[in-house]
Amino acid sequence: MDFNDWEQEQKWLDLVTEKLRSRIIELEPEVDQLYGQASDIRKRFWEEVTINTSTDEDFEETFFTIKQQAALLSERERIHTLRKQQWKNLNRLLVSPYFGRIDFQEDGENTREQIYIGVSSFADTDGMNFLIYDWRTPIASLYYDYSPGSVAFTTPGGQITGKMLLKRQYQIRDGKVQNLFDSSITIGDELLQQVLGQGANTQMKSIVATIQKEQNAIIRNDTSKMLIVQGAAGSGKTSAALQRVAYLLYKHREHLTADQIVLFSPNPMFNSYVSTVLPELGEENMQQATFQEYLEYWLGSTFRLEDPFDQLEYVLTAESAPAYESRLSGIQYKSSEDFLKVLKTYASWLAQEGMLFHSIRFQDRDLISGDQIKAQFYSYDASIRLTNRIALLQEWLLQELSLIERKERYAPWVQEEINYLENEQYADAFQVLHKERGLFDFAEKYARAYEIIHKQRRGDEGDFDYAEREEELLRRVIVKESFKPLRRSVKKMLFIDVQGLYKQLFQEDGMYQAMTNRFVVPALWPEICEQTKEKLSKQELFYEDAAPYLYLKELIEGARTNTEVRHIFIDEGQDYSMFQYEFLKKLFPRARMTVLGDFGQAIFTHATSLHGATSPLIGLYGEDETSQIVLYRSYRSTREIVEFTRPLLPNGKEIVPFERSGSKPLLIEAGSEEMRTKRIAADLAALQAEGLGSIAVITKTEAESTEAYDRLTAHGCEGLRLITKETPIFERGIMVIPSYLAKGVEFDTVMIYDASAALYHRESERKLFYTACTRAMHRLLLYTDKEWTPYIRALSQTLYEMEPLHE
């Protein structure tokens, strides 16, 4: 780089930094003043309002005074929030005002415009001349998508074409230009080398300075209802997705807020790992949840639910169990697209016959029997949809309860209730009565006035006896309160025996075939049926049953929907079944879906293929509404680690390593378990001494993690953290973690606690082993005191270094 260029760039940086500081100084008193005004209005709110409801005019005047005061407070708070956000953005820019620059000349124009790109926009005092452009602006897309030459970008007003005359990138620290690169096709490897060479952090970082062209296509896709991203381990798919959230919030800021976006993440710890990316870019965090949390919300009060990690633990550890093969067959079948079709067919069959209902019982007797409910249901026109008939049935039940309630007022139990009411209970009952003043008070006063008038007309002299009237009202209140739980259960549709209906599916072959129009049942079907029914009888659900159960429930009762959410993001999308996708589509009918995953890391038995023409996800919204993007380049790990891990997969040769060199993976072969543990403990101490602050000892299962933690602690290792599925926060240090919980995060060093054939020998565990190894950024160490896993024995010995240990 020419020295004069460097000097000019530093002068420009100094100018921009000075203007930023000036604007921050201007804003600070304004932010404080607006905060003070809002606080003052809030404190004095009722002092400024005179409450007067004597007349209709006074009431109206009071109402409008309150409304005016509330509007004033809301406006002050809105402006304060806006100014505070501007102030935060400026302070964020002050650290590193921009990271890129393009020189652009529009076709038909003679002027050359210098576009500096940063994490947010900053305009000169006139408000027209932009000193820094937000990375999400249309013109900034040129920086990510093109090399110098002919370019084009799309704006709300149409496409603009021209020439990019220069593409430059910067590293700026403490007001100084540290590094300067002129780039061509990609965001320069020099900058990426330095960023990727840094240590792992407790939170995922913003990647706006190093977004690659293929990642930019993910971020700015604004047309597809379904965006599927199949990305190799470490390809930046999750990072790109979070920048996509920031882009959507920026582009649609007038209509879209952070609480209208939901991220479904693999586990609670992952939520903390990604929690700082959006605030780093000046945006609020979107809503975050796991699918298990949603299942617990709807089914947790009825069943004890198995979670996906318990299911996986069973798959990985119960190979010798008698019912193991039938359980695996059940997991595969119940998660399949075929079973999804089965449930839809079953719901159609139920519209004609086979519905099951609970009797509505009160005081150990049937008020309305299940058979009566069933007869009423099938009395409706068969052409009416199942869910609409259920709604009609619900309305009928509420009407029937109202009729029964009136008759029940004169039942003996009501008189007993009245006789044994304590004074306090008596007062409470009348308090309930008087809450419904519009009905009871008016009726009571009317009745009393009516009786008095008629007594006067008849010439009766005696006082009107109110006791009978009060008893009548009291009966009404007692029965009404007693029937409230019945009404509530009808409104919640608890009269439908959903558990019985799901259990009914798992009957003998002939019945199943009649109900579902399926003539072929899966392997080991009788055993699958018995396992399922046994679990249901204990009020428990296998993980593979939870989504189908909820899906069937909604096919019958009608789908619950959330029309506020506009975008849903699903990370580790290969680990979701088609049931879960169908369910999320129904739950969020107005939302677009972004699915991120890697079929190479499909560690669950129910995994869904994401990419290609045969992916079942394409049918969810249709081919025209679906876009697929594949990320082949892996950025997380060094070239040596990627070259070691990619042959572990059948299609691994498609993965392209980034040119960042390091040491080859080291395979350490110990003579005994004790030697292996001692060596791991010694290596941990050495790695910490090197300054590697993020180290993961990765085991296959939770049970092995507990064992490893205990052994290493006994060997003097300090500062270890045992990670479980309940661990809420991702922190730096040494973690002992099961392989499946390490998904989605990265570490400076990964140590595979036991890479033996005894642990990893089945073909179904290959992807689990691959996932564990690909968590490493800089160093990968593997240990065994037995025979190496066949996945390693099949690798070329040129891909790793071997170190045998001797006594």
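Along the sequence shown, the residues carry numbers beginning at 1.
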A.B. asks: Just wondering, do T784 and I752 contact through their side chains at under 4.5 Å, heavy atoms?
C.D. replies: no
A.B. asks: Would you give the length of the straight line joining atom CE of M226 to atom OG of S615, rounded to the nearest 0.5 angstrom?
C.D. replies: 8.0 Å
A.B. asks: Would M286 and D259 satisfy side chain to side chain contact (heavy atoms under 4.5 Å, CB included), going step by step from the backbone distance to the final call?
C.D. replies: CA-CA 5 Å; M286 70 263 135; D259 58 6; over 6 Å; no
A.B. asks: Compute the centroid of each ring, for F264 and then for F569, and state whether the two points are separated by less than 6.0 Å.
C.D. replies: no
A.B. asks: Verify side-chain hydrogen bond (donor to acceptor under 3.5 Å, both in side chains) between D754 and S756, making sure each step is shown before the conclusion.
C.D. replies: CA-CA 6 Å; D754 186 353; S756 70; 2.9 Å; yes
A.B. asks: With a cut-off of under 6.0 Å to the ring centre and 45° to the axis, is R660 in cation-pi contact with Y635?
C.D. replies: no
A.B. asks: Extract all donor-acceptor atom pairs below 3.5 Å that involve side chains of residues 795-802 and protein atoms in other chains or at least two apart in sequence.
C.D. replies:
{"unit_1": "S796", "atom_1": "OG", "unit_2": "T798", "atom_2": "N", "d": "3.3"}
{"unit_1": "S796", "atom_1": "OG", "unit_2": "T798", "atom_2": "OG1", "d": "2.7"}

A.B. asks: Name the residue from Y551, F579, Y549 that meets the ring-ring contact (aromatic ring centres under 6.0 Å, His included) definition with F339.
C.D. replies: F579
A.B. asks: Find the distance between CG (L759) and OG1 (T701) and round it off to the nearest 0.5 Å.
C.D. replies: 7.0 Å
A.B. asks: Centres of the F583 and Y294 rings: under 6.0 Å?
C.D. replies: yes
A.B. asks: Measuring from atom CG of L596 to atom CD of Q574, what distance do you get when rounded to the nearest 0.5 angstrom?
C.D. replies: 9.5 Å
A.B. asks: Is the shortest distance from a Lys or Arg side-chain nitrogen in E554 or K586 to a carboxylate oxygen in the other one below 4.0 Å?
C.D. replies: no
A.B. asks: Quick one: does E306's side chain get under 4.5 Å of E544's, heavy atoms only?
C.D. replies: yes
A.B. asks: Please examine the side chains of Y576 and F291, heavy atoms only from C-beta on, and report whether any two atoms are closer than 4.5 Å.
C.D. replies: yes
A.B. asks: Is the shortest distance from a Lys or Arg side-chain nitrogen in E763 or R766 to a carboxylate oxygen in the other one below 4.0 Å?
C.D. replies: yes
A.B. asks: For R220 and S141, which I'm curious about, is there any donor-acceptor pair between the side chains at under 3.5 Å?
C.D. replies: no
A.B. asks: Checking K585 against Y621: charged group under 6.0 Å from the ring centre and within 45 degrees of the axis?
C.D. replies: yes
A.B. asks: Show your reasoning for whether side chain to side chain contact (heavy atoms under 4.5 Å, CB included) applies to Q230 and I629.
C.D. replies: CA-CA 6 Å; Q230 158 68 38; I629 296 175; over 6 Å; no
A.B. asks: On the ring face of Y760, is K700 found with NZ or CZ under 6.0 Å from the centre and within 45° of the axis?
C.D. replies: yes
A.B. asks: Just how far is it from atom CG of D222 to atom CG of L227, taken to the nearest 0.5 Å?
C.D. replies: 10.5 Å
A.B. asks: Inspect the surroundings of CD in E284 and state if more than 12 heavy atoms from other residues, nucleotides or ligands are less than 6.0 Å away.
C.D. replies: no
A.B. asks: State yes or no: are the ring centers of Y770 and Y791 separated by less than 6.0 Å?
C.D. replies: no
A.B. asks: When you look at S694 and D748, which way does the side-chain hydrogen bond (donor to acceptor under 3.5 Å, both in side chains) test go after all the steps?
C.D. replies: CA-CA 5 Å; S694 174; D748 292 333; 4.9 Å; no
A.B. asks: Show me the pairs that pass salt bridge (charged side-chain N to carboxylate O under 4.0 Å, His left out) and involve residues 590-601, at least two apart or across chains.
C.D. replies: none
A.B. asks: With a 3.5 Å cut-off and sequence neighbours excluded, list the donor-acceptor pairs that the side chains of residues 642-654 form with protein atoms.
C.D. replies:
{"unit_1": "T645", "atom_1": "OG1", "unit_2": "I641", "atom_2": "O", "d": "3.0"}
{"unit_1": "T645", "atom_1": "OG1", "unit_2": "V642", "atom_2": "O", "d": "3.2"}
{"unit_1": "R646", "atom_1": "NH1", "unit_2": "I655", "atom_2": "O", "d": "2.7"}

A.B. asks: Salt-bridged, D307 to K725, with N to O below 4.0 Å?
C.D. replies: yes
A.B. asks: Can the positive tip of R327 be found less than 6.0 Å from the middle of the six-membered ring of Y314, inside 45° of the ring normal?
C.D. replies: yes
A.B. asks: Salt bridge or not between R136 and E283? Use side-chain N to carboxylate O under 4.0 Å.
C.D. replies: yes
A.B. asks: Kindly indicate whether the side chain of Q260, heavy atoms from C-beta on, has any atom under 4.5 Å from the side chain of Q287.
C.D. replies: no
A.B. asks: Hey, is E746 close enough to R775 for a salt bridge, meaning N to O under 4.0 Å?
C.D. replies: no
A.B. asks: For a side chain to side chain contact (heavy atoms under 4.5 Å, CB included) check, start with the C-alpha distance between L722 and T706, then their side-chain angles and the critical distance, and finish with the verdict.
C.D. replies: CA-CA 7 Å; L722 179 61; T706 304; 4.2 Å; yes
A.B. asks: Please round to the nearest 0.5 Å and tell me the distance separating atom CD of E726 and atom CE of M269.
C.D. replies: 12.0 Å
A.B. asks: Measuring only between side-chain heavy atoms, which start at C-beta, is S634 closer than 4.5 Å to P657?
C.D. replies: no
A.B. asks: Going by heavy atoms in the side chains, are L256 and L249 under 4.5 Å from each other?
C.D. replies: yes
A.B. asks: Measure the CD1-CD distance between I528 and E325 for me, rounded to the nearest 0.5 Å.
C.D. replies: 11.0 Å
A.B. asks: Between D571 and K237, is the salt bridge (charged side-chain N to carboxylate O under 4.0 Å, His left out) condition met? List the steps.
C.D. replies: CA-CA 9 Å; D571 205 358; K237 52 188 177 291; over 6 Å; no
